[in-house]
Amino acid sequence: MSKPGNPRIVAFSGPKDGVGKTSAAINLALAWAGHQTNRSVLIVSMDPMCRLDHAKYLNLKPPSLADLTRMVGGDLGAVLKLIKGKIPISPYGVGVLPLAYKRTDILKLNPENLLPVLENLYETYDLFFDVDSFFPIQLFAFDLADVVFWMVLPQTSHLEATANFFNELKSLHFALDRFDIVINQANLPGALAPEEVDKFFQRMSKRVLTLLPWEDSLPEFANLQKLMVVEKRQSEWVKALRVMLGRIQSVNPTPKSWGGASAEASEGFNLAAEMLWSSGDSGGGRRETAPAAQQRKEGEGPAGVPEFWDALKIKLHGKVVQALETERIRIGDNAEQNQEARNQVEKIILDLLQREAGLSLSREQRSKFATELLDEILGLGPLEQIMRDSHISEIMVNAHDRIYIEQAGKLVLSDIRFRDNEQVVQVIKRIVAPIGRRIDESVPLVDARLKDGSRVNAIIAPLAVSGPTLTIRRFSSKPLRAEDLIKRGSVTQDAITFMEACVIIRKSMIISGGTGTGKTTFLNMLSNYIPDGERIITVEDTAELRLLKDHWVRLESRPPNIEGQGAVTIRDLVKNCLRMRPDRIVVGECRGAEALDMLQAMNTGHEGSMATIHANTPRDALTRMEAMCMMASGDLPISAIREMVASAVNMIAQLTRFSDGSRRVSYITEIVGKSEKGIEVRDIFKFKQTGVTPEGKVLGEFAAVGNVPSFHHEFKSQGIDMPLDLFKKKEEG
C-alpha cells in the first residue's frame, strides 16, 4: 500500500465530451487534497477548446501556462522559477493550471518545454490531468499517469467507443491495468440496465483482451469489480469517491523518466495542436506516436531492461507456442500470409502481457518485449533487429554475448545479445532446416542461405570451442547495378564500358578477390550484360547469385547425409550442366577440382563463362587455378595446365577491400598467352593509391595503364565502337 505522501499523477478522460470527467476531477481533487498531509493537488486542464470550468467552480483566477511563458519571453528557466509562485491555491488545497485561455495561444507553447514544467510542478503537487477526448493529448497524459479514470455514460455508443479505444491502447502497448472504467449517471433516463452493462463488458473483454483457447477466466481489466458506478445523487458520489480515493492510494506511483518521455509526449502534444488548427476535427487525430526513449533505472539489466526480462520471456514463450499449435498458425513462403501470421502471434503476445498484473514495464519496454519475443518465435531471435538494418553487410556471432557487425566496411561490436548458447544453436537450426540441411554433434558445421539470399556459415561444438559461431554475409535486397558501383567509387565508367563489351563478345572471365571484397556483387552486375537470348546455368555450393535474367537455371551442391552418402559436388554439377545445353556457365566459386572442368567447358564451346576465385592479385589467381587443376588430375603436366588456362581465360577482374572499408576494382588484367616462364598477363586498368586522409579514407585513382587489349579488333567485328583513347594512359602531374 502506497503512503498518502507519495506523489501521484491521475488522469481523467473519456470517449466523448459530457461524461462528467471535469466534475469527477474537481471532486476527487478536493477529496484527495484533504486526504494528503503535505502536498496540494494541481488540476492541469488539457482542453484544446480552452474551457475554464475548473477555475470557475473553484473560484480561482490562475494564469495560463501560455501567459507565464509570454511574461518571461519563453525562457524555460524563468518559467520554472515563476510558475509555482503564480499559481493560486484554494483554501481546500486545490489549484488549477490551464494550458491557455485562447485556442491560438496553444500554438505559442513550446511542446519541448511542457515536460520540464510538469516535472517541476510534480515536485510540489499531485497532478490531476483533465484530458479532452482528443487522441494525441490523451496519449500525452496516459504516458505519465499512474492511474486513469475512464468516464463513460451507460449508453451503447459510449461503451462501443470505449471498446474500440482500448483496442487502440493495447496496440500502443499501454498496460491496461492502469485504467479504471467509471460509469457515470447510471440513473440517467434511457441508460442501459446494469445487467446489460455487465453483459457488454463481458463481450468487450473478448475484444480488448482476446481469451486464449486454454484460459477461461476473464482478464483483470474486465473484472466487473473494477467498474465503478457513479450516480448524480450526492450520496452516490460520496460512495464512488471513496472507491476512487482508495484506488489512488493503492496504486504504486511509477518512476517518471521525464527526460525519456519528453520526445513522445512532446510529439503527442505538438501533433494535437497542429491537427486542431489545420483540420478543426479532433476526431481525425488517431495516429500513433513514437515510443518513449528508454532510460536505464535501478533494477534493470545491462541492456536497460528489468532483471525479470528473460524469465518473463521464457514463461510466455511456452504459452505462445501452445497457442500456435492450438490455432494452427504456420509460417510458409507466402509473404502476405506470413505477415498475417505475425500479426496474430503479436496479438497473442500482447494479450499475455496484459494478463501479467503489476509488470513495471514502460510502453517502450512492452513494445520492445513483444518484438523480441515475436522475433524469437518466428524469426532469428536477436538477429532480426540487425537484419532489419539494410546498412549492415555482415553479422558475426562469436559467442552468445559477442555479436559483431560490419557497417561501411568497418567491424563494430553490437550491443545485441543472445540469452545463451542454446538460443544461438536453435537459431542456426531454424536457418538450415528449410533448405534440407542439419547441424548437430555429428555434423557440427554447415553452409546455408536465408530467404533473402544471405550467405550463412555456422559451426558448433565440439569444433567451436568458444561456443556456437554464426556468420551471415548479407546482400543488398536490390542487386547493385553499374551506376551504383560507379557512384560508390568502386569502378569507373571507362572500365564498365570495357567490361560490358567483353561480356558481349563472349570473353571468359575470372572474378578474383579476398573474402568480403564484393566478388558476388560484381559478378551479378556483369551478368546484366549477357544477351537475353542466351541460356545461363549457375553452379554454387550455396545458391546466392541473383542474375537479372529470365533464361537462368540454378544448380546447388549437396553435402553428404548422416551416413556419409548422397553428396553432389560442384564438380559433379559442372559436368552435368555440360549436358544441359548452356550458352554460359557461371560457377559461384572455384575452390577445388571443378576448376579443371570449368576450364574444359570454356575451351569447348562455352566461351563467355565466368567464375569467382579467392586470391589477392591476378597473378595469385592464376597460381591458384593451376593448383586446383592439379588437385583434379595429378597426371597432367604443369605446362598443359598453363596452356589450358591461357587458352580458356581471357580476363581477370581483381577486387580489393582497402583499409577504410571501401571495396574497389583494383585490376582489370588480360591473359595474353603462355611463355616458358609461365602465363603472360598485362594490366588494362589499375588502381593506384596515392595516400590516406586524416579520417582514414583511401585516396587514389583507377585508370587505364596504356595497354590496348590484344582482342581489340574483335569489338569492331561485333559492331561495338571501342575507342582507343579509352586505354590511353593518363598524363601524370
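As the structure is a prediction and not an experimental result, all values here were calculated from the model.
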Do [X] and [Y] come close enough that some side-chain heavy atom pair is under 4.5 Å?
X: Phe129; Y: Val148; value: no
X: Ile403; Y: Asp415; value: no
X: His317; Y: Ile314; value: no
X: Ser414; Y: Pro382; value: no
X: Asp130; Y: Met46; value: no
X: Phe166; Y: Phe174; value: no
X: Pro7; Y: Tyr125; value: no
X: His173; Y: Lys368; value: no

Those residues that, when tested against Phe369, pass ring-ring contact (aromatic ring centres under 6.0 Å, His included) (two or more places apart):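 Residues passing ring-ring contact (aromatic ring centres under 6.0 Å, His included) with Phe369: Trp309.
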When rounded to the nearest 0.5 angstrom, what distance separates [atom1] in [X] from [atom2] in [Y]?
X: Leu68; Y: Leu97; atom1: CG; atom2: CG; value: 7.0 Å
X: Gln365; Y: Leu353; atom1: CD; atom2: CG; value: 11.5 Å
X: Ile349; Y: Leu373; atom1: CD1; atom2: CG; value: 4.0 Å
X: Leu159; Y: Ile183; atom1: CG; atom2: CD1; value: 6.5 Å
X: Leu172; Y: Ser367; atom1: CG; atom2: OG; value: 9.5 Å
X: Gln138; Y: Glu168; atom1: CD; atom2: CD; value: 9.5 Å

Evaluate the side chain to side chain contact (heavy atoms under 4.5 Å, CB included) criterion for residues Val152 and Ile181: first the C-alpha distance (whole Å), next the side-chain angles of each, then the deciding distance (0.1 Å), finally the verdict. CA-CA 7 Å; Val152 297; Ile181 297 178; 4.0 Å; yes
Answer yes or no: is there a donor N or O on one side and an acceptor on the other, between the side chain of [X] and the main chain of [Y], under 3.5 Å?
X: Arg39; Y: Tyr122; value: yes
X: Glu160; Y: Thr156; value: no
X: Asn27; Y: Ser23; value: yes
X: Asp146; Y: Ile9; value: yes
X: Glu384; Y: Leu380; value: yes

Closest non-hydrogen atom pair, [X] against [Y]:
X: Ser13; Y: Asp132; value: OG-O, 4.0 Å
X: Lys21; Y: Val131; value: CE-O, 3.2 Å
X: Val44; Y: Leu118; value: CG2-CD2, 4.3 Å
X: Ala100; Y: Ala66; value: CB-CB, 4.0 Å
X: Gly93; Y: Ser40; value: O-CB, 3.3 Å
X: Leu42; Y: Val96; value: CD1-N, 3.6 Å

Derivation and outcome, side-chain hydrogen bond (donor to acceptor under 3.5 Å, both in side chains), residues Trp32 and Asp126: CA-CA 9 Å; Trp32 182 248; Asp126 284 343; 2.8 Å; yes
Holding to side chain to side chain contact (heavy atoms under 4.5 Å, CB included), I want the full list of residues that pass it with Thr124, two or more places apart in sequence or in another chain. Lys84
Given the rule in the side chain to side chain contact (heavy atoms under 4.5 Å, CB included) test, do Val10 and Leu127 qualify, once you have shown the distances and angles that lead to the verdict? CA-CA 6 Å; Val10 182; Leu127 302 181; over 6 Å; no
Are more than 12 heavy atoms from other residues, nucleotides or ligands located less than 6.0 Å from atom CD of Gln426? yes
Decide yes or no on side chain to side chain contact (heavy atoms under 4.5 Å, CB included) for Glu376 and Lys313, but give the supporting numbers first. CA-CA 10 Å; Glu376 186 172 319; Lys313 196 181 294 182; 3.1 Å; yes
Given Phe179, which of Phe149, Phe142, Phe12 fulfils the ring-ring contact (aromatic ring centres under 6.0 Å, His included) condition?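 Output: one option passes, namely Phe142.
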Start with the C-alpha distance between Phe128 and Arg8, add both sets of side-chain angles, then the distance that settles side chain to side chain contact (heavy atoms under 4.5 Å, CB included), and finish with yes or no. CA-CA 8 Å; Phe128 279 31; Arg8 308 288 201 289; 5.6 Å; no
